[in-house]
Amino acid sequence: MPELTAPQWLAVAGALAGLGLLLSLGFALQRRRVEARAYLRGVRYVLSDDPDAAIEALSDAARLGSPEAVETYLALGSLFRRTGDMARAVRLHRNMLLRAGLTPERRREIELELAEDYRRGGMAGDAEAAYRALWQAGERRAGEGLRDVLVDAGRLDEAVEVQQALSQGGADPVRAHLLAAVSRARSAAGDREGALAAARQAVECPGHADALLALAEAEAAAGNRAAAREAADAALSADPRAALLAWPALQALGDPAEALAVVEPRLAAAPADPALHLLRARALYRAGRSAEAADAARQALALDHTGEVTVSMREVLRETTSPAPEELPWRHELMVKALLRKVRPARCSRCGAETAVPAWRCRRCGAFGSFGPRA
Ligand SMILES: [Zn+2]
């Protein structure tokens with residue numbers, strides 16, 4: 001073999017390096033092609049509505065490590081959850097976690113998704129354990145999930161504790177909602193002092209209608225009628241939309257004349273507010289002025305453009321069990337009108353769930369105050 005000069009050596013080395021590069025590029029390209037095929041197959045199954053085949057195909061792609069597959073997986077998982085297919089969502093996310101080489105961020109993201117599947121699938125124990133582990137590892141979103149699991153389970157005091165840890169100081173509307181719920185739960189258990197204490201903590205968040213209504217209910221139960229009336233009034237000032245949720249507070253005032261004293265001045269200032277008309281109807285009915293109540297309810301229906309008040313009216317008409325015989329004609333008339341009315345539901349800004357019934361908390365995702373004004 002002839003001696004090679006230095007430049008010749010360099011040329012050979014360069015050529016070998018080039019060849020190596022070409023080969024590895026070829027392998028990489030080949031690998032990408034296989035991944036892309038598995039990925040496209042997965043997407044095709046998703047589109048043709050064959051989720052099990054899609055999970056399988058996407059598993060192949062994910063094993064091969066394509067970033068698109070991970071994204072598609074996550075999207076598919078949230079699709080399953082949205083359509084209520086929790087078993088598939090769980091299987092999908094568990095499969096994803098089996099994949100080697102996930103970055104810690106990706107792993108946490110998938111674990112959060114899995115915890116959410118557990119929560120929504122009614123596997124509260126698994127959800128709590130998963131969220132707790134992530135929360136202890138410093139994942140803030142897991143704290144929110146843990147709080148929601150605790151609220152679902154009615155463990156409100158613990159939920160308040162978690163929320164307190166999540167709170168970054170200052171007014172915290174979620175904490176106020178939770179404390180309002182704590183207050184009502186204590187009330188229901190006969191603990192008036194405890195109910196009052198929780199409600200007073202709740203109103204530390206200024207202008208919070210739910211907290212103020214809870215305070216009104218607790219003050220009324222403790223016999224502090226003036227304070228109760230003041231709090232109910234403040235709630236309606238803080239958020240006019242609270243009117244549909246204000247009846248328990250107004251009813252707790254005891255004397256329907258007190259409820260009318262809160263509602264009627266507001267109605268004079270806002271005569272087109274159907275929710276106030278419905279509140280007035282309920283107070284009048286309680287006061288035994290049922291013909292006037294029927295008129296007020298008719299007005300509420302006539303003014304209700306979103307259907308929100310109509311839904312509440314259906315509830316009211318359903319609730320009252322044994323009407324006097326002379327009430328039957330107008331009750332029937334109102335019921336028919338209320339049932340025929342089309343209702344536009346409110347949509348949760350966090351998860352997109354729709355509700356016709358007014359509520360502070362989204363039952364699906366657990367968010368508080370997430371229902372905006374109706375379309
Ligand atoms: Zn929601």
* Evaluate the side chain to side chain contact (heavy atoms under 4.5 Å, CB included) criterion for residues Leu303 and Asp273: first the C-alpha distance (whole Å), next the side-chain angles of each, then the deciding distance (0.1 Å), finally the verdict. => CA-CA 7 Å; Leu303 290 165; Asp273 184 336; over 6 Å; no
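- Salt bridge status for Arg200 with Glu219: present, with a side-chain N to carboxylate O gap under 4.0 Å.
- Atom CZ of Arg364 has more than 12 heavy atoms from other residues, nucleotides or ligands within 6.0 Å.
- Put simply, the side chain of Arg298 never gets that close to the backbone of Leu334: no donor and acceptor are under 3.5 Å apart.
- The closest side-chain heavy-atom distance from Leu301 to Val309 is not below 4.5 Å.
- Using a 4.5 Å cut-off on side-chain heavy atoms (C-beta onward), Asn95 and Tyr73 make contact.
- The pair Arg361-Asp210 does not count as a salt bridge, with every side-chain nitrogen at least 4.0 angstrom from each carboxylate oxygen.
- Residue Val160 is grouped with residue Val151 when hydrophobic side chains (ILVMFWY) are merged at heavy-atom distances under 4.5 angstrom, including chains of intermediate members.
- Taking a 4.5 Å side-chain heavy-atom cut-off between Ile, Leu, Val, Met, Phe, Trp and Tyr, the cluster of Leu146 extends to Leu112, Tyr131, Leu134, Trp135, Val149, Leu150, Val162, Leu166.
- Side-chain contact between Glu109 and Leu102 is absent, with no heavy atoms from C-beta onward closer than 4.5 Å.
- For Arg314 (side chain) and Ala338 (main-chain N/O), a donor-acceptor pair under 3.5 Å exists by modelled atom type.
- A donor-acceptor pair shorter than 3.5 Å can be found between the side chains of Glu327 and Tyr285.
- If you chain together hydrophobic residues whose side chains sit under 4.5 Å apart, Phe368 and Phe371 never meet in one group.
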* Asked: After noting the C-alpha distance and the side-chain angles of Arg341 and Val311, does the key distance pass the side chain to side chain contact (heavy atoms under 4.5 Å, CB included) rule?
  -> CA-CA 9 Å; Arg341 176 71 56 89; Val311 168; over 6 Å; no
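- Residues Arg81 and Glu113 have side chains in contact (heavy-atom distance under 4.5 Å, counting atoms from C-beta outward).
- A donor-acceptor pair shorter than 3.5 Å cannot be found between the side chains of Arg175 and Gln163.
- Nearest heavy-atom pair, Arg266 versus Val262, reported as atom, atom and distance to 0.1 Å: CG-O, 3.5 Å.
- Looking at Asp255 and Arg229, no side-chain N of the basic residue comes within less than 4.0 Å of a carboxylate O on the acidic one, giving no salt bridge.
- Summarising the hydrophobic clusters (Ile, Leu, Val, Met, Phe, Trp, Tyr; side-chain heavy atoms under 4.5 Å, direct or chained), the residues clustered with Trp360 are Leu213, Leu245.
- Under 4.0 Å is where a charged nitrogen must lie from a carboxylate oxygen, and between Asp148 and Arg350 at least one such pair does.
- Linking ILVMFWY side-chain heavy atoms closer than 4.5 Å, directly or via other members, places Leu79 and Leu114 in a single hydrophobic cluster.
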